[in-house]
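So the structure is just underneath, and the comments pick up after that.
Sequence lines set the chain letters: A, B, ... in the order given, protein chains first and strands last, and positions in each chain run from 1.
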Protein chains: 2
Amino acid sequence: MSVSRWVRVTTGVANGRPTAYGLLSGPHEGVDVTKRPTLADVAARAGLSKTAVSLVLNDRPGSRLSADAVARIHEAARELNYRPNAAARSLRLGRTGTVGFISDEVTITRFASAMIRGLLDIADEQETGVLIAETGNHPKQLAKALEFMVDRQVDGLVFGALTARLLELPTLPESMRAVTVNCVSPTVPTAVLPSEEQAGYAVTRQLLDAGHGAGLAIIGNAPVAQSDPHISVTIDRRFNGIHRALLEAGVTPVAVEEFEIWEPWHGYDATKRVLESGAPVTGLICLNDRVAFGAQQALTERGLRVPDDVSIASFDDDEIASYMRPALTTARLPYEEMGRQAMELLLRPEDSPGEHLVEMPLQVRESIRPLG
Amino acid sequence: MSVSRWVRVTTGVANGRPTAYGLLSGPHEGVDVTKRPTLADVAARAGLSKTAVSLVLNDRPGSRLSADAVARIHEAARELNYRPNAAARSLRLGRTGTVGFISDEVTITRFASAMIRGLLDIADEQETGVLIAETGNHPKQLAKALEFMVDRQVDGLVFGALTARLLELPTLPESMRAVTVNCVSPTVPTAVLPSEEQAGYAVTRQLLDAGHGAGLAIIGNAPVAQSDPHISVTIDRRFNGIHRALLEAGVTPVAVEEFEIWEPWHGYDATKRVLESGAPVTGLICLNDRVAFGAQQALTERGLRVPDDVSIASFDDDEIASYMRPALTTARLPYEEMGRQAMELLLRPEDSPGEHLVEMPLQVRESIRPLG
DNA sequence: GTCTCGTGCTGAAAGGTTTTAGCACTGGCG
DNA sequence: CGCCAGTGCTAAAACCTTTCAGCACGAGAC
């Protein structure tokens with residue numbers, strides 16, 4: 001059916017609420033035009049019972065109605081443009097065909113919005129709606145959002161976070177399905193996370209393979225973030241991957257710049273320091289793209305060119321990575337894929353507890369030059 | 001109440017659906033622990049009728065219950081941790097306390113996610129939930145989303161778009177409240193748009209006031225976008241503002257670069273062309289920040305510095321505008337404020353048809369140098 | 001003593017769906 | 001003929017809320 005065929009026909013108000021919906025004057029006569037048709041209307045028009053209509057329209061197996069009856073019901077439903085009333089169905093069934101997405105600020109900031117894309121994608125495939133709430137990291141807001149969702153009897157909950165951290169969630173109703181994306185919580189067994197160890201390893205190898213073992217610098221070492229799961233549970237793994245690659249190759253970086261917040265200006269400052277120190281740097285592992293962006297600004301100011309003089313590899317595949325000249329080689333944070341995974345896990349009938357890692361694919365672009 | 005107090009107590013399943021919810025073993029005895037309490041449970045505990053409970057809990061004016069009765073009901077509700085069943089209420093009331101947000105790709109791309117922030121902000125204040133759907137510009141998806149929302153009996157609809165264009169929407173049920181944000185539709189009378197004329201004027205004046213009248217270039221003239229409302233209904237106004245300022249000052253640009261798609265590489269190419277043409281350019285009006293970013297890359301490659309040699313002003317206040325060195329002076333696209341406005345208009349009881357313009361504030365940063 | 005009115009409260013219907021239990025009929029078998 | 005099984009269909013309950021209509025009772029007016 002097409003929604004566009006619904007129009008209000010009178011402006012009458014009954015019981016303080018408008019009820020006057022109906023079909024555009026169309027080919028079918030004898031239809032009550034004052035309100036949305038119900039099962040009873042379809043039943044009347046088909047000359048059968050509500051039970052029969054419900055059975056047929058939901059084609060329940062085992063209900064043995066004559067082919068004629070089935071045809072009449074379908075015809076009547078089509079003619080009346082019947083759509084079931086979601087509230088009534090929810091009331092009866094105890095489920096709503098709706099899931100909730102609660103995050104700190106995934107939806108409302110630009111960084112991880114691809115996560116929503118993934119979520120909505122799968123939800124849509126499964127004819128499921130998504131209710132959204134953001135907490136801005138306030139426990140009060142979280143409690144409120146949760147209460148709202150539970151009251152609406154959502155069929156499941158997805159918890160998301162901007163940075164992959166440990167979340168403090170209240171205990172959920174035990175029958176409530178839930179998945180965390182880009183975060184973990186002791187109260188939710190199923191979690192979807194980016195495969196950071198692999199990414200750390202891949203990024204580092206990319207520079208090592210290009211021959212930068214002798215002049216490698218790390219821009220953005222973050223010991224605090226590494227050790228505090230409330231800041232991140234995955235940064236640690238990213239560094240583990242980096243170190244595994246270095247260890248394997250027997251390489252020690254010529255410089256390691258430490259700072260916890262990864263914004264362009266920090267990358268700029270840190271890289272400036274490295275350059276001023278005179279360390280013989282030929283390759284930069286920047287801990288994210290914004291840091292890499294700042295690093296490049298510092299290099300440019302020094303008259304150094306990427307990748308001719310210094311190569312850069314990085315993490316995230318932020319918008320900025322593709323705007324840079326040269327475009328940045330970086331390990332992509334797979335937000336969309338994580339969103340898809342989460343929704344699939346949530347909607348799947350069986351449980352799938354545990355950590356589900358999603359690969360961070362290396363986007364190889366032009367910021368690395370092979371040496372000699 | 002706190003949601004965390006709900007836990008499943010048995011794993012029993014009735015009618016094929018789990019119903020076993022209850023209070024954590026707490027201070028109150030004699031409460032049925034097997035399911036969410038209903039009005040009837042509260043009534044029983046308070047020794048009154050369902051009617052009385054409903055009346056009191058919704059504190060309907062004109063219902064004259066004794067102070068004692070009111071107290072008993074509140075107490076019982078609190079003890080049982082009663083929360084009304086949203087589906088039942090919707091069924092009865094015909095409204096849901098939920099609005100729908102349908103857009104092409106506002107939620108799922110990074111550009112306009114602040115719009116959602118504004119929407120959710122206000123929705124939250126008004127205890128309203130938000131159902132989200134994205135159409136990716138497919139009419140099929142749009143119809144599906146609309147149908148879904150109408151079926152769920154949302155109390156209103158917000159239509160959003162990434163670029164401020166004319167939308168083709170099916171006729172809505174006439175009683176359905178609706179607002180468009182950053183887009184317009186003949187079927188929806190209330191629209192929220194950015195105040196582009198004012199922004200065009202302000203940006204241009206900023207360069208003129210700094211003395212760049214003699215060396216002004218426009219990077220990103222877009223005649224097609226200007227004249228096709230399906231691409232944009234506001235770009236036109238942006239140019240009108242620019243031209244009004246120029247006309248007023250009696251200024252003719254020394255160069256006008258035309259291209260319809262405003263990505264960094266286009267800005268880069270266009271600026272390169274201008275520089276190669278030898279036009280005596282001292283100030284660039286870039287039609288968005290990404291174009292400005294590309295322009296700066298071209299300038300830098302030519303050994304020209306911003307703002308020392310060339311000044312830049314731009315539109316949008318994209319992420320990138322604040323990352324650039326120097327940070328970019330730009331007229332902010334007020335997505336968040338537009339979102340707030342839209343939700344306020346939607347939730348307001350009276351209608352407010354017409355166009356609601358939201359100011360685009362000029363973010364004055366360091367990319368403009370006053371000429372001697 | 002009857003009527004009227006105000007007070008405090010309640011029964012029952014309505015909203016639209018799903019599902020259980022079961023009715024009425026036919027045909028086949030013993 | 002009696003019984004059983006199968007076929008085609010339906011009545012009614014249940015889900016939980018809101019609200020209309022109205023009951024019972026006591027006080028005051030006439």
- In whole angstrom, give the distance that lies between atom CZ of B:Arg89 and atom C1' of D:dT17. 8 Å
- Sequence neighbours excluded, the answer for salt bridge (Lys or Arg N to Asp or Glu O under 4.0 Å) partners of B:Arg89 is none
- Item | Residue B:Asn58, side-chain atoms from C-beta onward, closest of C:dG16, D:dT17, D:dT18 | D:dT18
- Item | side-chain contact (heavy atoms from CB on, under 4.5 Å) partners for A:Ala86, two or more places apart | B:Arg152
- Sequence neighbours excluded - salt bridge (Lys or Arg N to Asp or Glu O under 4.0 Å) pairs with any residue from residues 116-132 of chain A: A:Arg117-A:Glu336, A:Asp121-A:Arg340, A:Asp124-B:Lys144, A:Glu127-B:Lys144
- C:dT17 P sits how many Å from A:Arg36 CZ, rounded? 9 Å
- Message: Counting only side-chain nitrogens and oxygens, does A:Asn85 get under 4.0 Å of the OP1 or OP2 atom of C:dG15?
- Response: no
- Task: May I ask you to evaluate whether B:Arg60 reaches the phosphate of D:dT19, defined as a side-chain N or O under 4.0 Å from OP1 or OP2?
- Result: yes
- Query: Under the salt bridge (Lys or Arg N to Asp or Glu O under 4.0 Å) rule, what pairs show up with a residue in residues 54-70 of chain B, not counting sequence neighbours?
  - Reply: B:Asp68-B:Arg72
- Rounded to the nearest angstrom, tell me the gap between atom CG in B:Asp41 and atom P in D:dC15. 11 Å
- Message: In this structure, how many angstroms lie between the C1' atom of D:dC16 and the CZ atom of B:Arg83, rounded?
- Response: 15 Å
- Query: Can you list the residues that meet the salt bridge (Lys or Arg N to Asp or Glu O under 4.0 Å) rule with A:Arg177, with sequence neighbours excluded?
  - Reply: A:Asp351
Can you pull every protein N or O that's under 3.5 Å from an N or O on nucleotides 25-27 of chain D?
none

- Item | Spacing of B:Asp151 atom CG relative to C:dT17 atom C1', expressed in whole Å | 14 Å
- Task: Give a yes or no answer on whether the side chain of B:Asn58 reaches the backbone of B:Leu55 with a donor-acceptor pair at less than 3.5 Å.
- Result: no
Distances for protein N/O vs nucleotides 5-10 of chain C N/O pairs under 3.5 angstrom?
unit_1: C:dG8; atom_1: N7; unit_2: B:Arg64; atom_2: NH2; d: 2.4
unit_1: C:dG8; atom_1: O6; unit_2: B:Arg64; atom_2: NH2; d: 3.3
unit_1: C:dC9; atom_1: OP1; unit_2: B:Ser66; atom_2: OG; d: 3.2
unit_1: C:dC9; atom_1: OP2; unit_2: B:Ser66; atom_2: N; d: 2.4
unit_1: C:dC9; atom_1: OP2; unit_2: B:Ser66; atom_2: OG; d: 3.1
unit_1: C:dC9; atom_1: N4; unit_2: B:Arg64; atom_2: NH2; d: 3.4
unit_1: C:dT10; atom_1: OP2; unit_2: B:Ser49; atom_2: N; d: 3.0
unit_1: C:dT10; atom_1: OP2; unit_2: B:Ser49; atom_2: OG; d: 3.0

- List in chain and number order the residues that pass side-chain contact (heavy atoms from CB on, under 4.5 Å) with B:Thr128, two or more places apart in sequence or in another chain; answer none if no residue qualifies. B:Val99, B:Ala123, B:Gln126, B:Leu347
- Nearest-Å distance for atom pair CG/C1', residues B:Leu91 and D:dA14: 13 Å
- Between A:Tyr82 and C:dT17, is there a side-chain N or O to OP1/OP2 distance below 4.0 Å? yes
- Query: Rounded to the nearest 0.5 Å, what separation is found between the CD atom of B:Glu134 and the CZ atom of B:Phe101?
  - Reply: 6.0 Å
- Message: So, using side-chain hydrogen bond (donor to acceptor under 3.5 Å, both in side chains) as the criterion, who are the partners of B:Ser49 when residues are at least two apart?
- Response: none
- Note on the structure: Here the distance between atom C1' of C:dA13 and atom CZ of B:Arg92, to the nearest Å, is 8 Å
